[in-house]
Each structure stands twice: as structure tokens, then as C-alpha cells.
Amino acid sequence: MPVFVDKAKIFIQSGKGGDGHVSFRREKYVPNGGPDGGDGGKGGDIIFVVDEGINTLADFHYGGKYKAQNGQDGNKRRCHGKNGEDLYIKVPEGTVIKEANTGKVIADMSGENKKVVVLKGGRGGNGNMHYATSTMQAPKYAQPGQPALMLEVMLELKVIADVGLVGFPNVGKSTFLSKVSNAKPKIANYHFTTLSPMLGVVDLSDARGFVVADIPGLIEGASEGLGLGHEFLRHIERTRMMIHVVDAASTEGRDPMEDIEAINAELKNYNADISSKPQVIAANKIDMLPDGEDSDIIKKIREKYEPLGVKVFATSTLTGKGIKELLYYVSRTLDELPKDAVVFKQEFFPETMARDTDEAFTVTYDSDEKEFVIEGPKIEKMLGYTNLESEKGFAFFQNFLKDNGILDELEKLHINEGDTVRMYGYSFEYYRNADTVPANDTDEYDDEEDET
């Protein structure tokens, strides 16, 4: 029998954008062909889609890493790098995708949300063909592709049903579901027969049908992690109302009135919104009461809860007594309630994440050399694509320092104009709005074949 899994943690990563290319067109009788480095391809997206043939998160039970394809680098002759393929992750309807550390909702795969792009791939970098100007005819730099986005997410399946069955273990919820719907739950006379939520469709001949979810039995302390119930309380969040099944015959020695209060307290402790949902009480197992529906306990339950707006039905899943009346009452109540599906709103926006998770940089001051030092793979990578000896290249790199907050970091260290800054063997004087370049400006075009 397949294992029901309704919670899993996985790592996802979009594709990195391909780097732009540096090359120059060389053809016979074309002495000044100019730059022809192509753009890098876009990285693949991470896309979640609903698969109606799946009803569990078992495929993600052991976690795992899900990575989209990187975009290919650009090439000479203005060839565009191939875009990385998107990665589609199939999940059951009702799956809520959350940022693992904060628990904030990224996407709820419910309602109209059948397909959601969770992480976008990095943009491909521009090739050097984009940077040619009348005064800079041979740019020897290109733009690197955007890094990938990576995220650890928690997947939570919250079943989609109109009505939730709640109550202590062994009060008859599974038998109730089997009598009123097409569901075939396992039924036995011991606690926690139901180890996973069961869904059933109730069909009524002359009224609107509805979907019922049998939630595994709660016990006192479930909202604090005791027993099995706390693992499944999340499945009640989407229901529009609840049928509270209670053992009116006290077959296990518990007081039915105390049972009702205990379960309602657990619901309120878990989520106050759940406890405020419309509720109907099924006082079950009246076939085991001497006076049946006229028993004192049935009268006590009605006297206490019906004035509060909670309808009480005396039922027997064995004989069918009271079941039909309860179902029609639930159908009428659902018709009066809002029909909008419960869809959790987005709270976490991955597109606002910085794309430099694995490409950090540091800005420090070397007191011995009296120089400010900028280091890190992000800087090294950009230097590999930039010709600092050209005016345009230096301006390009200056904007990079500004856009990434590096100039701000230098100013926090109290840098002054004219101070020396060192980066991987390059040294230059600092000017906040520098429009000049270091010595050895090499804008002159080289007629020899050149591909970098």
C-alpha cells in the first residue's frame, strides 16, 4: 500500500544564465568586421504544476535537489546561446509551497493555480556586439549571465474538501464516511485506524453533493504535537464546515460533553479560524443507548450546543438512524456559505532574492599597504569579462560596482577620493563618479583575428 506523505522538504534551483561572448568578425576582404560575440541563453525556470493523478507527496519523501538547466554561453558570429530547459515539478492539487526557514507561503497549488513559476532562471549576458560605439569599435568585454536562484522549500499537502470529520479516535468517523460516500476506509475497533486523511464524495438524489474528509482522530494535546492528530490538522484548514462526531454511548468510558470541549479546544489552539467554522454535531452510537435518541446525554448535548447555533443530530452508523437528516442539513448549510475555495495568499516572493548567494564579495582595508581591497568570486568573474584599460570597459565596471553596492561598502570604510583600491592585481585611484580610466587605454582596433 502506498505511503501517504503530506509534508516534504526539497531544494530547488533555477538555471544560471549563459555568459555573453567576446569575439570579432573576421572575413576575407572585410578588414573592419567589428564585434560579433553573441548573447548567453536564459537559464531554465523551476515550475510547479498540478497533476490530478497524484494525491500524495510520496515522490518527495526523501527530499532531493531539483535543478533546472543552465543557459549556454554565447558564441562568435552573433550566435545566441541555447536557453536552459525549464524543470516542471508535479504535485497534487492542494499543495502549499513554503519557504523552509520562515514558513511563508510562496504558492498554493489550488483553485486556478495549476501552474506557477516559483524560481526564474538567470538572464543571459550580452555579448560584446552590444557595446560597440563610434568611439569604442572593439569592446573586449561581455556581460556574464545572471546567477541561478536557489531555495529550500517545504511542501505541505492540505486536502481540498467541503466538510471535515473531526472527533476522538474510535468514535465512528470512518464507518460514517463509508456509509455516506464512495470511500472505503479501513475500519477496526482500535485507536488510530485512520492513519491518513480519507476523502469521500456524498451524492444526494435531490440536493447538492459535497466532498467529506475523514481527519485522523485527535486527542488532547494534538495541537501541541501529541498523538497523530497534529500531523493532519492542516487538512481541516480548507474545509468550509465540520461534522463533529462524538461517542454518545461512552463506549470507552469518556464523557461525550468533555470530548466535544476537548476537540474544540484543540482546533482553537491550532488555528482560531478553524474553530470558528460552522459545525454540526453527530452524537453517534445511539443504538447502544437504552433510550436511543431520547437518552439524557442526547438532551444535554442539545441543550448546551443548539442555543449556540450548533445543530445536534442523534446518529447511528450501524442502523443509519439520523444520517440522512444530517447530510441534507449539511448540504443546505453549504449552499448558504461562500463557495470560494480557500487559497492561501503569497507571503514570500523569490524574485526579490539576491542572485549572488554563491558569489559573495568582501570589502576590507589593508592598513599595512594602506589600500582598500575588494575580493570574491563575483568580482573575479566580472574582471574576467571586462577590459579595465578601455574607457568603456572601465565605465562598465564602475557601474557594476555601484549597482552591487560595492561603492557604498567602500564609503562605509571611510574611503576618500584618490585612495587606492586593489582587486586581483588591479589597482586604481578611487573616485565616486570616475569618468577617466587608468593608464594604457587601448581603444585602438586590432586587425588580427581575435576571439577571447
Side-chain angles (χ1 to χ4, degrees), residues 15-44 69-85 121-148 355-356 359 361 374 376-404 406 421-429 431 433-452:
K16 172 193 173 299
D19 297 332
H21 190 71
V22 176
S23 62
F24 297 91
R25 181 184 175 196
R26 300 299 178 190
E27 293 182 23
K28 194 174 183 180
Y29 308 121
V30 184
N32 297 312
D36 71 348
D39 301 340
K42 176 186 173 296
Q69 192 176 51
N70 293 335
Q72 290 185 353
D73 296 343
N75 212 327
K76 58 185 177 181
R77 297 181 182 176
R78 296 177 176 259
C79 289
H80 193 290
K82 183 180 178 181
N83 292 336
E85 292 185 5
R123 186 175 60 250
N126 290 330
N128 70 330
M129 65 179 180
H130 291 279
Y131 300 109
T133 66
S134 59
T135 58
M136 179 61 178
Q137 298 181 10
K140 295 182 180 179
Y141 53 87
Q143 185 182 39
Q146 274 189 328
R355 289 183 178 268
D356 57 0
E359 295 188 345
F361 62 85
I374 305 175
K378 191 179 184 76
I379 305 299
E380 184 178 14
K381 183 176 181 179
M382 181 57 75
L383 284 172
Y385 288 91
T386 308
N387 180 11
L388 289 181
E389 295 182 345
S390 71
E391 180 179 355
K392 294 295 183 180
F394 188 76
F396 181 84
F397 191 73
Q398 183 83 357
N399 288 331
F400 165 80
L401 296 178
K402 181 179 180 181
D403 293 342
N404 286 272
I406 297 174
V421 178
R422 185 177 75 247
M423 296 179 293
Y424 289 96
Y426 289 89
S427 293
F428 62 92
E429 292 184 353
Y431 294 97
N433 297 306
D435 54 4
T436 59
V437 299
N440 302 320
D441 185 354
T442 57
D443 277 355
E444 183 179 352
Y445 187 79
D446 184 356
D447 285 336
E448 295 181 4
E449 183 176 357
D450 184 9
E451 180 184 340
T452 303

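Because the structure is a prediction, the values reported are computed rather than measured.
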Check: Under the side chain to side chain contact (heavy atoms under 4.5 Å, CB included) test, which residues partner D36, sequence neighbours left out?
Finding: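 D36 satisfies side chain to side chain contact (heavy atoms under 4.5 Å, CB included) with S23, R25, K76, R77, R78 once adjacent residues are dropped.
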Checklist line | Spacing of R123 atom CZ and D39 atom CG [to the nearest 0.5 Å] | finding: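 Separation between the atoms: 11.0 Å.
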N/O donor-acceptor pair under 3.5 Å between [X] side chain and [Y] backbone:
| X | Y | value |
| --- | --- | --- |
| N83 | K42 | yes |
| Q72 | G81 | no |
| N128 | P35 | no |

Check: Between K16 and N70, which heavy-atom pair has the shortest distance, and what is it?
Finding: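 What the structure gives for the nearest pair is N-OD1, 2.8 Å.
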